Amino acid sequence: MKNSIRKFYISFIFTSCIVFGFLAVCFAYENIRATEYGDHRRAIAVEDGRFYFFDYEYEFK
């Protein structure tokens, strides 16, 4: 029982570090775009048939 709880905590901490790290990168990207370029573009967005992921654009056909 102790071993499974320890594995759960380790997995939880590892996963939360990855998720919060990704969210921090998204937050920083949005603030850099707003400060440097004056546009308020989201880090991840779907608009007008296009998928935006940071500086990459993918168009749906």
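These figures come from a predicted structure and were not determined experimentally. Computation of the quantities below employed the complete heavy-atom set of this structure, encompassing side-chain atoms and omitting hydrogens, waters and symmetry-equivalent molecules.
- Grouping Ile, Leu, Val, Met, Phe, Trp and Tyr residues whose side-chain heavy atoms lie under 4.5 Å apart, directly or via other members, leaves Ile10 alone, with no other cluster members.
- For Tyr58, the side chain to side chain contact (heavy atoms under 4.5 Å, CB included) partners two or more places apart in sequence, or in a different chain, are Phe51, Tyr56.
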Pairs of donor and acceptor atoms involving the side chains of residues 19-41, under 3.5 Å and at least two apart or interchain, shall be tabulated with distances.
residue, atom, partner, partner atom, Å
Tyr29, OH, Phe54, O, 3.0
Tyr29, OH, Asp55, OD1, 2.7
Glu30, OE2, Ala43, N, 3.2
Asn31, ND2, Phe27, O, 3.3
Arg33, NH2, Asp39, OD2, 2.9
Thr35, OG1, Asn31, O, 2.9
Arg41, NH2, Phe54, O, 2.6

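- Here the CZ-OH distance, from Arg42 to Tyr52, works out to 14.5 Å after rounding to the nearest 0.5 Å.
- Tracing side-chain contacts under 4.5 Å through hydrophobic residues (I, L, V, M, F, W, Y), one never reaches Phe14 starting from Ile5; they form parts of separate clusters.
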